[in-house]
Amino acid sequence: MFRLKWLWKYMGKKRHLFVIGLILSAVTSAMLIINPMLSQRLIDEVITPQNTALLLPLLGAMMAVQLVRLSLRYIMVICLEKNSQQMLDDIRRKMFDVIQNQDHIFFNRIRTGDLMTRMTNDLDMIRHSLAWISYMSVDSIIIFLVTLIYLFTVNWKLTLCLAAITPFILIITRVFSKIIHPMYVTLRARLSSLNTVAQENIEGNRVVKAFAREEFEKQKFDEKNQEFRESNLKATYVGVKFTPVIDLLSQSLTVITLLAGGIFMMNGELTAGEMMAFSSLTWALANPLKNLAMIINDIQRFSASSSMIIEIFYAQPTIVDHAAAKEPDHRLHGEISFDHVNLKASGHTILEDIDIHVPAGHTLGVMGTTGSGKTSLVNLLNRFYDVSSGSVSIDGIDVREIPLNSLRRSVSMAMQDVFLFSDTVEGNIAYGDTSMTFDEVRACAKAADADGFINRMQDGYDTLIGERGVGLSGGQRQRISLARAIAMKPSVLILDDTTSAVDMETEKYIQHQLRNLPFPCTKVMIAQKVSSVQDADEIIILDEGKIIERGTHEELLEKRGYYYGIWALQNSIEEVTPLGA
């Protein structure tokens, strides 16, 4: 019932078309008994007494009824299709909006392949339910009831004989429904796993080829494909077992009509016309009962699919605008403060007692071992995560008190894992601000030392690049990502190991450009190379979520600790203090 209420809610402005469609379905279904009624009169009042006066009027009426019914049926299909397509469009748009507002926890929990299954297969099942199951259910119910009522008025004894079969069909259908529902839930899960494997393989095709794992991936896909096939066959076999039983009971109505009807005719309780009416309307009792198994089958599919979609609809992000959040009345200057920050996730401590202050316009360098919490630290600035305790503030304002859109326009990031969209180079750079002029885009590209190689491309800034920047080197992707971050003219610019794939000369050029950006900006630079952070106003060293060293380049060298060890290794100095000493 909840699923039906939810579906009704999201039918939107085309809801009236659904109602009209169902009304027309009921009317046209009821009209199916008119011609058998007229046929009864044709036999009893025209053929048997040989009275030709009513022949043409009855035949004309039968043709008119059929023409009107087909016309109304056409309108019904149009109404239901328009309604279902509009609903599909509205739900898909709403789902996409919900997904866009989710945080990292959501995407860590639900895989990409599963999300794609929900937005394609599951949504199509919803549309199928609305456009087909709904009117088939109305058709079956109305045809069965109207036929039963009419036949009762003709001969109630024969009608009771036919109606005696229906309880057995309903019991079998109920049993079928209970058995098939969990099978469709499993089938839906297997389809999601299959799509996930395919999506991951396509997205990671370069890694697959790099490690020559094509055969392994084929085997993994075959296993998921086999599981899906077996689940599909299992559900099909159940349907195949139940369908013949229902068909047999439905066809028994014809046998009962011939036997019982023949007895009633011989006893003079049934005319030839009435017998013909019963014979011609036996299908009107049998078909709804036969359709019942198919309708229940699709309703179970609808139930499994709608559960997956409703889960997305009511998913609540943990990172949201706080009630007290308000737009800053000025452009943020970029003064950053981490006040005794702790961050925990899944019971594990990621950051512990982080205390940092970065004046506006200064540069903070962040280094440390792999997994020390460097990226988690900067992710607190734009609220990809929220602190477990303590606070992170910009210009003295807690980041939780700034609306997310404003905060993330003010804090721009060039990420370590570069993702470029299937768009032009210009479109990727101007992704955060589509109103940028070409000259502004090019200025950002020059600041990231990307203008040179872009101009050497066949179509320059209009060159289309593939997903994840396929066709570009690692360094080129990093420079376009950096240009995209600079294009936002942020108050805080985060560079997450952004120059790891560029040569020393390019890195020096980029660092020079970053020091001379045409707008005020505080920079936070995560790096593995000392050369990337040595000019920073302060450098912090993280290890297991804690700050173990901090100071300027010169101060850290004097401490002869972790930073000195990295510097010595990168400068080929042999006598060094062990790392972490």
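All values below come from the heavy atoms of this structure, side chains included, with hydrogens, waters and symmetry mates left out.
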Participant: Parallel, tilted or perpendicular for Trp132 and Tyr135, by the 30°/60° rule?
Facilitator: perpendicular
Participant: Say whether, by atom type as modelled, one donor and one acceptor occur between the side chain of Ser388 and the main chain of Lys344 under 3.5 angstrom.
Facilitator: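 Yes; at least one donor-acceptor contact below 3.5 Å.
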Participant: What residues, two or more places apart in sequence or in another chain, satisfy salt bridge (Lys or Arg N to Asp or Glu O under 4.0 Å) together with Lys234?
Facilitator: none
Participant: Is there any side-chain hydrogen bond (donor to acceptor under 3.5 Å, both in side chains) pair reaching into residues 145-158, and which pairs are they, with sequence neighbours excluded?
Facilitator: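 side-chain hydrogen bond (donor to acceptor under 3.5 Å, both in side chains) check on residues 145-158 returns Gln40-Tyr150, Lys157-Glu269.
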Participant: Considering only NZ, NE, NH1 and NH2 on the basic side and carboxylate oxygens on the acidic side, decide whether Glu215 and Lys220 come within less than 4.0 Å.
Facilitator: no
Participant: Quiz question: by atom type and distance under 3.5 Å, do the side chains of Asp139 and Ser25 form a donor-acceptor pair?
Facilitator: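 Ser25 and Asp139 do have a side-chain donor-acceptor pair below 3.5 Å.
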Participant: Please confirm whether the backbone N or O of Val320 pairs with a side-chain atom of Arg383, one donor and one acceptor, at under 3.5 Å?
Facilitator: yes
Participant: Okay, side chain of Asp103, backbone of Ile319: is any donor-acceptor separation there less than 3.5 Å?
Facilitator: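 The answer is yes, because a donor-acceptor pair under 3.5 Å joins these two groups.
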Participant: Tell me if a side-chain donor or acceptor on Ser84 pairs with a main-chain N or O of Glu81 at a distance below 3.5 Å.
Facilitator: yes
Participant: Of all the heavy-atom pairs spanning Met31 and Leu72, show the shortest one and how long it is.
Facilitator: SD-CD1, 4.2 Å
Participant: Just by distance, do the side chain of Ser303 and the backbone of Ile299 share a donor-acceptor pair under 3.5 Å?
Facilitator: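 No: the side chain of Ser303 does not pair with the backbone of Ile299.
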Participant: Determine whether a donor-acceptor pair (N or O, by modelled atom type, separation under 3.5 Å) exists between the side chain of Thr463 and the backbone of Met457.
Facilitator: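 Not a single qualifying donor-acceptor pair exists.
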Participant: Walk me through it: do Ser71 and Ile75 pass the test side-chain contact (heavy atoms from CB on, under 4.5 Å)?
Facilitator: CA-CA 7 Å; Ser71 299; Ile75 297 172; 5.6 Å; no
Participant: Return the set of residues passing ring-ring contact (aromatic ring centres under 6.0 Å, His included) with Tyr431 (not counting sequence neighbours), or none when no residue passes.
Facilitator: Phe421
